[in-house]
Amino acid sequence: MTITDNTNTTIKKVASTFYESFRSIPHVFRSPGRINLIGEHTDYNMGFVLPAAIDKAVYIGIEKRNDSRITLRSIDFNQTLNFDVSSISKTNEAWANYILGVVDQLLKRGYNLSGFNMVISGDIPIGAGLSSSAAIACAVAFALDNLFNLGLSRLEMAQIAQKAEHEFAGVMCGIMDQFASLFGRKNHLIKLDCRSLKFEYVPMMMNDIEIVLLDTTVKHSLASSEYNVRRRQCESGVEMIRKKYNQVNSLRDITIEMIKECIISNSDIYKRCRYVVEENNRLLSACDDLKKNNFTAFGKKMFETHDGLKNLFDVSCPELDCLVEEAKNENAVLGSRMMGGGFGGCTINLVRKENVDEVIERLSQRYKKQFGLNLTAYKVTVTDGTSQIDITNL
């Protein structure tokens, strides 16, 4: 991996804090956050997604102990917590649950673990929809696999990290976030079939285009509860259609014609199902755009995705809608949409490199004028997935 100055600082901070706390030099691992160019809320419906790992990550320093004690120190939250590997259970500290959830999954699978010391920090913006939680779980799974020679594949790590979120964080997420964090490849998107888990790398060579995330800095209270509501609504739609088409197992198997035939038009369930089916079709077409290097056509589909998330899936919010509408007025913006679970977080934008700073400035001014909020912008690049870091030359 390429270590930027900011990344270098974070790694040094993790290593030095670990040494100060435990008087030893740790093994250091990183696991990146992710973006998803297109294919939102399709993963838990067994559809397609198009994510990528980015150059913002979680970093952990770790070392085995000779007893069963687990000591976790978060630099970002300024907390140190202690547990025992023989009695893992949920805690009130959310950040620790992503770690403990992975330990719990490994123990349930019969792996023998001793205690360990861990220091954790990162530069993934919290609440921006970049999957900092999945990055934590993946970093821990990867680190423990290396530390205890467990012999896990990256797919097994992704599944363990996903299950940890289900059982210890209470979020019934799909596999996309964990898969992207572990399988990321520089300058490539991952076209992932969330049913078969087959995937292919799709090149994304953006010589004159930059990926810009615009963070609304808001996270409405509906975000976590409504995520699970949407999942149940999609499952209800499948059940309705299965009464006539018994071969249907998920929205992946459904056509627009089936939805029109079996679900009351313009009901919430109708709209949720219609969005997912349209989004899967949109993603497959968007991959063809990328292979032709047609970012104009790809960007148009990003705008269409936002319209679907706003009007059919109903997970947007005024702040996100404002940024996307303003982006449409910028000739240098090829595509824009909300990204992540919804109700806040970031928009993801494809912007011509030569115009990035001026576009950010104009959108920031308009956003401030309308909502009285400061817009935070992140320029991100597509990078490799979870890895160990050699700190000997730092």
Side-chain angles (χ1 to χ4, degrees), residues 1-34 53-67 69-82 85 95-96 98-100 102-103 106 113-126 130-154 157-158 160-161 178 180-187 378 380-394:
M1 76 175 272
T2 300
I3 297 178
T4 63
D5 289 342
N6 185 52
T7 299
N8 205 2
T9 300
T10 306
I11 296 169
K12 286 182 177 179
K13 183 168 60 175
V14 167
S16 62
T17 300
F18 192 98
Y19 187 82
E20 291 166 6
S21 301
F22 305 112
R23 286 292 177 258
S24 61
I25 297 173
H27 303 281
V28 177
F29 299 86
R30 61 171 280 282
S31 197
R34 66 100 188 99
I54 59 172
D55 57 342
K56 296 186 182 300
V58 165
Y59 302 89
I60 62 174
I62 189 170
E63 188 180 54
K64 286 183 188 177
R65 294 176 61 100
N66 294 322
D67 55 20
R69 178 169 167 162
I70 297 174
T71 298
L72 307 178
R73 180 167 182 187
S74 168
I75 295 174
D76 303 325
F77 291 98
N78 193 28
Q79 287 182 311
T80 299
L81 303 174
N82 293 294
V85 74
W95 66 269
Y98 296 107
I99 301 170
L100 298 175
V102 171
V103 175
L106 291 172
L113 305 177
S114 68
F116 55 87
N117 297 321
M118 179 185 291
V119 171
I120 184 167
S121 185
D123 57 10
I124 305 173
I126 305 298
L130 303 180
S131 298
S132 56
S133 57
I136 295 172
C138 290
V140 173
F142 192 89
L144 293 178
D145 175 69
N146 276 264
L147 204 64
F148 292 100
N149 298 311
L150 304 181
L152 298 172
S153 68
R154 286 187 183 248
M157 294 178 209
I160 286 168
Q178 297 81 6
S181 191
L182 282 156
F183 284 87
R185 178 182 288 182
K186 186 176 181 179
N187 295 328
Y378 307 102
V380 299
T381 57
V382 175
T383 188
D384 292 324
T386 311
S387 62
Q388 185 169 5
I389 296 172
D390 182 1
I391 62 171
T392 55
N393 296 320
L394 291 180

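Residues Leu72 and Thr80 fail the side-chain proximity criterion, which asks for heavy atoms closer than 4.5 Å. Residues Lys56 and Pro125 have side chains in contact (heavy-atom distance under 4.5 Å, counting atoms from C-beta outward). Looking at Val85 and Ser114, their side chains never come closer than 4.5 Å, going by heavy atoms from C-beta outward. No side-chain heavy atom of Thr381 sits under 4.5 Å from any side-chain heavy atom of Ile54. Contact annotation: the side chain of Ile25 approaches that of Ile391 to within less than 4.5 Å [non-hydrogen atoms, C-beta and beyond]. Looking at heavy atoms from C-beta onward, Ile389 lies out of side-chain contact with Phe29 at the 4.5 angstrom threshold. Side-chain contact between Ile120 and Ile136 is present, with heavy atoms from C-beta onward closer than 4.5 Å.
Among residue pairs with one or both ends in residues 141-151, none qualify as side-chain hydrogen bond (donor to acceptor under 3.5 Å, both in side chains); sequence neighbours excluded.
Ser74 places a side-chain N or O within donor-acceptor distance of the main-chain N or O of Phe77, the cut-off being under 3.5 Å. When atom types are taken as modelled, the side chain of Arg30 and the backbone of Ile60 share no donor-acceptor pair closer than 3.5 angstrom. Put simply, the side chain of Lys64 gets close to the backbone of Leu147: a donor and an acceptor are under 3.5 Å apart. Using a distance-only test at 3.5 Å, with no hydrogens or angles considered, no donor-acceptor pair links the side chain of Asn117 to the main chain of Glu63. For the pair Ser16 (side chain) and Lys13 (backbone), a donor-acceptor distance under 3.5 Å is present.
Contact detail for Pro32 and Thr386: the closest heavy-atom pair is CD-N, 3.7 Å. Ala135 and Gly33 make their closest contact through CB-N, 4.3 Å (heavy atoms, listed as atom of the first residue, atom of the second, distance). The two atoms that bring Ser121 and Asp76 nearest to each other are OG-OD1, 3.0 Å, heavy atoms only. Taking each heavy atom of Phe148 and Gly115 in turn, the nearest pair found is CZ-O, 4.2 Å. Ala53 approaches Gly184 most closely through the heavy-atom pair CB-CA, 3.8 Å.
For the residue pair Thr71/Arg69, the side-chain donor-acceptor check at 3.5 Å is satisfied. With no hydrogens or angles considered, no side-chain donor-acceptor pair links Ser181 and Arg34 at under 3.5 Å. Under 3.5 Å, the side chains of Asp123 and Thr10 contain no donor-acceptor pair of N or O atoms. There is no side-chain donor-acceptor pair under 3.5 Å between Thr383 and Asp55.
With rounding to the nearest 0.5 Å, the separation of OG in Ser153 from CG in Leu182 is 9.5 Å. Here CZ of Phe142 is found 5.5 Å from CE of Met157. Values are rounded to the nearest 0.5 Å. For the atom pair CD1 of Ile160 and CG of Leu106, the computed distance is 5.0 Å after rounding to the nearest 0.5 Å. Between Leu81 atom CG and Trp95 atom CH2 the span is 4.5 Å, to the nearest 0.5 Å. In this structure, Phe18 CZ and Ser24 OG are separated by 4.5 Å, a value rounded to the nearest 0.5 Å. Separating the OG atom in Ser132 from the CD1 atom in Ile124 is a distance of 5.5 Å, to the nearest 0.5 Å.
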Exercise. Should Val14 and Tyr19 be marked as a side-chain contact (heavy atoms from CB on, under 4.5 Å) after you check the CA-CA gap, both sets of side-chain angles, and the distance that decides it?
Worked result: CA-CA 9 Å; Val14 167; Tyr19 187 82; over 6 Å; no
For this session: Evaluate the criterion side-chain contact (heavy atoms from CB on, under 4.5 Å) for residue pair Arg73 and Met118; output intermediate values, then yes/no.
Result: CA-CA 6 Å; Arg73 180 167 182 187; Met118 179 185 291; over 6 Å; no
For this session: Evaluate side-chain contact (heavy atoms from CB on, under 4.5 Å) for Val119 paired with Phe22, printing each intermediate quantity in order.
Result: CA-CA 10 Å; Val119 171; Phe22 305 112; 3.9 Å; yes
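With sequence neighbours left out, the salt bridge (charged side-chain N to carboxylate O under 4.0 Å, His left out) criterion links Arg65 to Asp67.
Residue-environment remark: CG (Asn66) stays at or below the threshold of 12 foreign heavy atoms within 6.0 Å.
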